[in-house]
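Please read the structure below before turning to the comments.
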Amino acid sequence: MSHPLAGNRHPTNQDAASRSHDSRVVDLSQVVPSEVDALLAKELNQLTVCERTSAIEEIHGVHNLEATVQENRINEALLQLQAEIDKIQFKPAYDEAVRLKSKYVFDRKFRLKFLWAERFNPEMAAIRMMKFLDIIAREAFGSQVLLRPILMEDLTPNARAVLREGSATVLPARDSSGRRVLAILGDIGAKYPPIDRLRMEQYMWQNLSDDEDSQKLGIILVLNLSNMVQNANDTEDKTNIGKLLQSIPGRYAAIHLCLPDAPLFNAIKGTFMLLMGKANRFRARIHVGSPTEIRYSLRSFGIPTECLPVNLENNCKQYLKSHLKWIDTLQAKDIARKNCSLEALSSIIDCPRRQDCLLGKGRLIMKHPGNIEMRQLLEAKLSKWESATIKEKAGVSWEVVREVKELGGRFLKEDPNGWYVEVADEAARQKVSIGFRDLVKRTRKRREMESTCKEQRQKSIPDDVTTGLENNSETQPPLQTLLESDTFDFVGVSAGSFPTKRRKLGETCKFFSSFPWNNR
């Protein structure tokens with residue numbers, strides 16, 4: 001299969017037969033949709049109430065499982081991971097890494113990817129890690145990737161072409177819970193050999209797993225099945241799905257299958273549901289209908305559908321432009337890795353977090369969640385800013401900068417090359433000061449408009465009406481008093497007894513009959 005359908009497993013020890021059953025090759029012609037639905041229902045019934053509730057909450061982004069782990073637990077899990085690796089008898093790629101004295105395979109960050117993928121189950125993480133090393137070293141690339149991360153230069157020309165076509169990409173925005181979204185909108189590299197698609201998928205997933213937020217929160221997969229007819233019948237692709245499911249250093253928090261309402265796609269849906277395995281099936285959600293209906297359905301799960309093409313296919317210019325910009329970011333990261341420059345690597349940010357504040361202009365920047373939260377923070381401190389002296393205003397700006405960073409936010413600006421970089425604290429303070437000045441201008445303009453509108457309303461009232469109201473002010477209550485009365489209502493809907501409402505209505509009619517225009 002031409003997409004990286006790798007995901008998390010439930011933290012239970014399953015035997016080899018169960019793993020083989022989950023990753024078996026499925027014949028599309030023999031798939032019965034009703035049997036797939038029955039299998040899914042059976043697996044859901046086997047879950048406890050707590051497990052089912054936690055999975056549903058994570059799918060909707062309400063609650064992310066194990067987002068934080070204490071440092072002592074991490075160190076303990078790393079020691080247990082090494083013990084489990086030593087128990088595995090057949091691990092040729094790992095033995096080769098030991099012979100080459102690889103520091104990369106023993107790196108703490110590298111091993112944490114597999115622990116997060118298996119939710120800190122050391123036994124399952126060790127199995128996943130060994131299979132990952134076997135695939136990248138013995139099938140896809142060679143022993144050089146045991147010494148360092150996979151680079152774009154390791155890809156063959158065909159694998160690079162598969163990457164650039166845009167059938168599989170990572171969206172430039174996160175979902176409502178801050179998770180990255182992997183979108184697969186068509187047959188990935190249908191005209192290229194499956195091994196080249198496998199290389200591209202391994203490279204893409206490595207970059208996804210480098211993000212610590214993606215390790216902890218998982219990845220959201222949006223899969224458009226309407227363009228998967230050819231790959232769904234490719235036996236070699238189906239075999240690759242089993243390898244990817246068991247080896248990728250990451251997990252899926254939710255899988256969204258999108259398909260039109262046609263009988264053919266029921267069988268394709270059943271094929272994918274079987275291939276994704278038990279651990280991912282109950283995390284899958286099906287969206288059936290037109291592209292517009294599917295987009296509305298995806299939006300209810302917090303997915304940024306504005307980043308997806310309207311027809312959910314990879315033929316949109318804006319979508320391809322964003323995809324090529326993401327590839328440029330990957331190349332810049334590869335250069336930093338080759339130069340062993342950790343500072344340069346950490347400074348390249350391909351996707352801002354929801355807490356980050358973006359510097360710049362434009363509608364998308366104004367609508368970024370971090371910018372919205374900062375404007376709310378400015379409004380809360382506006383009175384303090386207006387009453388402060390020039391020197392004190394700088395202190396108020398520094399308070400806002402500190403509060404944003406305490407909430408996990410950063411101040412970012414877009415680099416001319418297409419990615420984001422974090423600005424210095426002084427630039428962040430200037431951004432906040434400009435935000436205060438703009439807010440003061442908008443507030444002053446709004447007050448002036450309200451004052452002007454109030455004066456215009458007063459001028460529009462005739463003088464004789466005003467005189468009539470003044471002459472009757474001693475004997476009749478003001479009109480505004482009657483309108484604001486709890487019992488005043490022309491149709492008798494307000495609270496109070498019926499005689500009271502009749503009396504009030506009669507007094508109101510008498511009051512209006514005394515206006516000057518009624519005597520003309």
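Numbers here simply count residues along the sequence, with the first being 1.
- For the atom pair CG (Leu308) and OG (Ser322), the distance works out to 10.5 Å, reported to the nearest 0.5 Å.
- Under the ring-ring contact (aromatic ring centres under 6.0 Å, His included) criterion, Tyr296 pairs with no residue at all, not counting sequence neighbours.
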> Between Lys91 and Leu133, does a side-chain contact (heavy atoms from CB on, under 4.5 Å) hold up when you go through it step by step?
Replying inline: CA-CA 9 Å; Lys91 45 182 187 295; Leu133 294 177; over 6 Å; no
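- Between the CG atom of Leu259 and the CG atom of Leu225 there is a distance of 5.5 Å, given to the nearest 0.5 Å.
- Put simply, the side chain of Arg281 gets close to the backbone of Leu274: a donor and an acceptor are under 3.5 Å apart.
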>> With salt bridge (charged side-chain N to carboxylate O under 4.0 Å, His left out) as the criterion, how do Arg337 and Asp334 come out once you've worked through the C-alpha distance, each side chain's angles and the decisive distance to 0.1 Å?
In response: CA-CA 5 Å; Arg337 290 190 183 100; Asp334 287 350; 3.0 Å; yes
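- Residues meeting the side-chain contact (heavy atoms from CB on, under 4.5 Å) test with Ile56, sequence neighbours left out: Arg52, His60, Arg285.
- The nearest pair of heavy atoms linking Val170 to Trp326 is CG2-CZ2, 3.6 Å.
- Contact check for Asp134 versus Glu139: no side-chain heavy atoms found under the 4.5 Å cut-off.
- For the pair Ser347 (side chain) and Ala344 (backbone), a donor-acceptor distance under 3.5 Å is present.
- In the model, Gln206 has no side-chain atom that pairs as donor or acceptor with a side-chain atom of Asp210 under 3.5 Å.
- A salt bridge is absent between Glu123 and Lys87; no separation between the charged side-chain nitrogens and carboxylate oxygens falls under 4.0 Å.
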> Would Ile349 and Arg410 count as a side-chain contact (heavy atoms from CB on, under 4.5 Å) if you check the C-alpha gap in whole Å, the side-chain angles of each, and the deciding distance to 0.1 Å?
Replying inline: CA-CA 11 Å; Ile349 303 171; Arg410 300 167 294 182; 3.4 Å; yes
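- Every side-chain contact (heavy atoms from CB on, under 4.5 Å) that Arg99 has, sequence neighbours left out, goes to Glu96.
- Pro304 is linked by a side-chain contact (heavy atoms from CB on, under 4.5 Å) to Leu171, Ala173, Asp175, Val181, Glu306, Cys307, counting only residues two or more places apart in sequence or in another chain.
- The residue from Leu185, Val288, Ile184, Val222 that alone fulfils the side-chain contact (heavy atoms from CB on, under 4.5 Å) condition with Cys258 is Val222.
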> Can you check side-chain contact (heavy atoms from CB on, under 4.5 Å) on Leu81 and Phe114, steps first, answer last?
Replying inline: CA-CA 10 Å; Leu81 175 62; Phe114 299 94; 5.6 Å; no
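- Every residue two or more places apart in sequence or in another chain was checked for a ring-ring contact (aromatic ring centres under 6.0 Å, His included) with Phe141, and none qualifies.
- Rounding to the nearest 0.5 Å places CD1 of Ile327 at 7.0 Å from OG1 of Thr169.
- Using a 4.0 Å cut-off between a side-chain N of Lys or Arg and a carboxylate O of Asp or Glu, Arg174 and Asp356 do not qualify as a salt bridge.
- Nearest heavy atom pair, residue Pro260 against residue Phe265, reads CG-CE1, 3.4 Å.
- For the side-chain contact (heavy atoms from CB on, under 4.5 Å) test, residues two or more places apart in sequence or in another chain that qualify with Ile365 are Leu358, Asn371.
- Within a 6.0 Å radius of CG in Asn45, more than 12 heavy atoms belonging to other residues, nucleotides or ligands are found.
- Remark: His287 engages His256, Phe301 in a ring-ring contact (aromatic ring centres under 6.0 Å, His included) (not counting sequence neighbours).
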>> Does Tyr94 form a ring pair (Phe, Tyr, Trp, His ring centres under 6.0 Å) with Phe106? I'd like the steps, not just the answer.
In response: CA-CA 10 Å; Tyr94 178 80; Phe106 290 89; 5.8 Å; yes
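- Counting non-hydrogen atoms of neighbouring residues, nucleotides and ligands closer than 6.0 angstrom, the CD atom of Glu212 reaches no more than 12 such neighbours.
- Taken to the nearest 0.5 Å, the CD1 atom of Ile59 stands 9.0 Å off from the CD1 atom of Ile255.
- Ion pairing of Glu165 with Lys191 is absent here, as no side-chain N (NZ or NE/NH1/NH2) approaches a carboxylate O to less than 4.0 Å.
- Here the side chain of Arg354 pairs no donor or acceptor atom with the backbone of Gly370 at under 3.5 angstrom.
- Checking side-chain atoms of Asp211 against main-chain N and O of Asn207 turns up no donor-acceptor pair under 3.5 Å.
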> Under the side-chain contact (heavy atoms from CB on, under 4.5 Å) criterion, do Ile188 and Met204 qualify, and how do the steps go?
Replying inline: CA-CA 13 Å; Ile188 301 178; Met204 176 182 290; over 6 Å; no
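- Legend: salt bridge (charged side-chain N to carboxylate O under 4.0 Å, His left out) pairs involving residues 151-160, not counting sequence neighbours, sorted by first then second residue: Arg148-Asp154, Glu153-Lys338.
- Separating the CG atom in Asp86 from the CD atom in Glu84 is a distance of 9.5 Å, to the nearest 0.5 Å.
- A search for salt bridge (Lys or Arg N to Asp or Glu O under 4.0 Å) contacts involving Asp350 returns Arg180, Lys333, not counting sequence neighbours.
- Applying the salt bridge (charged side-chain N to carboxylate O under 4.0 Å, His left out) rule to pairs touching residues 318-328 yields Lys325-Glu414, sequence neighbours excluded.
- The salt bridge (Lys or Arg N to Asp or Glu O under 4.0 Å) test applied to Lys405 returns Asp425, not counting sequence neighbours.
- Using bins of under 30°, 30° to 60° and over 60° for the plane-to-plane angle, the ring pair His323/Tyr319 lands in the parallel bin.
- To the nearest 0.5 Å, atom CD1 of residue Ile286 and atom CZ of residue Phe272 are 11.0 Å apart.
- When the ring-ring contact (aromatic ring centres under 6.0 Å, His included) test is applied to Phe411, no partner is found at least two apart in sequence or on another chain.
- Under a 3.5 Å cut-off, the side chain of Ser102 and the backbone N or O of Tyr104 do form a donor-acceptor pair.
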